[in-house]
There are 2 protein chains.
Amino acid sequence: MSIPPSRRDRLREETVAHIQEVARRQLVEHGSAGISLRAIARELGMTAPGLYRYYPSLDELVTALIVDCYAEVTAQMERERDALPPEDLPSRLLAVSRAFRHWSVEHPAEFGLIFGAPVPGFARPPEGPVEEAGARFGQVFRDVFVQLWLHRPFTAPHPDELDPRLPAELLRIPGGSLGPGELYVFVACWVRLYGAVAMEVFGQLKWAVEEGEALFETELRQLSRMLAMADEYRPPR
Amino acid sequence: MSIPPSRRDRLREETVAHIQEVARRQLVEHGSAGISLRAIARELGMTAPGLYRYYPSLDELVTALIVDCYAEVTAQMERERDALPPEDLPSRLLAVSRAFRHWSVEHPAEFGLIFGAPVPGFARPPEGPVEEAGARFGQVFRDVFVQLWLHRPFTAPHPDELDPRLPAELLRIPGGSLGPGELYVFVACWVRLYGAVAMEVFGQLKWAVEEGEALFETELRQLSRMLAMADEYRPPR
DNA sequence: TTTACAAAGTGAACGGCGTTAGCAAAGCAT
DNA sequence: ATGCTTTGCTAACGCCGTTCACTTTGTAAA
């Protein structure tokens, strides 16, 4: 099945890695709109049309970058999670949440690319590798959440309290044995974390709080209370 | 103080309105990156350099657009608020929240422009009219929230439960007589609403919920519970 | 080892972009 | 009628993504 990579294949992979690297730096320094094939080629000592041997368009390059970023934040969250004992699920939930925020705050351009407004011209199709990378990302928080509920269930709202359209939708989430009420709590928790991080990264929080971490930690503490793990909340470090 | 507008001044204002109108349409149809001076000029029957008599750069035009959008969503929220009796504060809070979501869902491009990732090249300075428009926008939800607390206070977390850095920061918010705990609840509520709307508009919610309104209404209902107005929650329409 | 083929990269060109500079016409006030 | 300001134009510069035709280079088959 797997053919040993020829010399040319290795060279090609190296070039691809080089291109992504330079593109990533341009993303960081000039924003997603500042990624330019000509500038990348210039920095690599080649010409812009040559890049079309590696990507069919600028959009596809940006898409590859999106997949990369998803994989990066996913890996960081998994790393922080795996540094804690598998049975300490409260700590693991706090860890993946904090890892998400840390990566996002330290990579605002990348965060905007994958979690911000999809640029109409730029790609974001429901099929393909972006969706898969996004699914793998979402799995990390979800898995820890489900494990937490299995080992120490919390009290969730009764399904009657949910919008009548919600339960059917929520049950499509691959959430083990969680009921609609618990699935809503899961989504609501993630919405809160996403909201806090997005507002901080996008600079929408400065009117209220300069130090994003202070708000985020308070949110985590309140979330812990909601998940019946208030006693297990610990400040970071 | 106010000089009657001369004929030329009127013409100028009309041209400015025209430009913004066309630019807005381009924003809607092609995204913020698709706004082009040349295309605007083409549609207006003039040439691109002529536009520089009205805006010093494309960035400034986009900035003007941002201010416009802020004013628009603000006005819509105020309109929905004022359609309800001043003493019915729970209904007013629900109304401004729903108005925020409705405007955002129906104007995704505009939402991305004002609430999404700031494009590095594009403007978003802390001074100037953008900040003012943003402040006026935030005031709407905040005013209703403060009024609600004054007339029917809810129980907020004790300041000890907040991150130690938070109270000092929160007390800078012009929030009447609210204490740190109540101010945190205010910010947390807004973060939840913002998070739910941003995820819906940015398409980050589809893995969980197709119908954004269902989640949003459930959030509103849970928020109502938190604000001791659970009995006053009513589904929309 | 020669030959055929595929891959990688180039230069030229097209149309689009924001922006600047210099210039002509029109409007306004004196 | 004279000056000045405002408005808009053309031309140009340097970017950009993308396509096309071409050369060079590496690989594999004969």
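Because the structure is a prediction, the values reported are computed rather than measured.
- Classified by interplanar angle (parallel below 30°, tilted 30° to 60°, perpendicular above 60°), the ring pair W103(A)/H107(A) is parallel.
- Atom CZ of R10(A) and atom C1' of dA8(C) are 16 Å apart (whole Å).
- Donor-acceptor pairing under 3.5 Å is lacking for the side chains of Y54(B) and Q20(B).
- Rounded to whole angstrom, the span from the CZ atom of R12(A) across to the C1' atom of dT27(D) amounts to 15 Å.
- Between the OH atom of Y55(B) and the P atom of dG18(C) there is a distance of 15 Å, given to the nearest Å.
- E43(B) places its CD atom 17 Å from the C1' atom of dC17(C), with the value rounded to the nearest Å.
- As judged by a 4.0 angstrom heavy-atom cut-off over every strand, Y54(B) is placed among residues touching the sugar-phosphate backbone only.
- F111(A) places none of its side-chain heavy atoms less than 4.5 Å from the side chain of V73(A).
- Annotation: F115(B) is in aromatic contact with F100(B) [ring centroid separation under 6.0 Å].
- Taking atom CG of residue L11(A) and atom P of nucleotide dA6(C), one finds them 20 Å apart after rounding to whole Å.
- Here dT20(C) presents its C1' atom at 14 Å from CG of L51(B), a figure rounded to the nearest Å.
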Reading 5' to 3' through nucleotides 9-17 of chain D, protein heavy-atom contacts under 4.0 Å coded B for base, S for sugar-phosphate only, - for none: SBBB---BB

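- Across the protein-nucleic acid pair, L61(A) atom CG and dT18(D) atom P stand 10 Å apart, rounded to whole Å.
- Looking at heavy atoms from C-beta onward, S97(A) lies out of side-chain contact with E219(A) at the 4.5 angstrom threshold.
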Worked check of salt bridge (charged side-chain N to carboxylate O under 4.0 Å, His left out) between E213(B) and R165(A): CA-CA 9 Å; E213(B) 190 185 18; R165(A) 292 162 290 181; 3.3 Å; yes

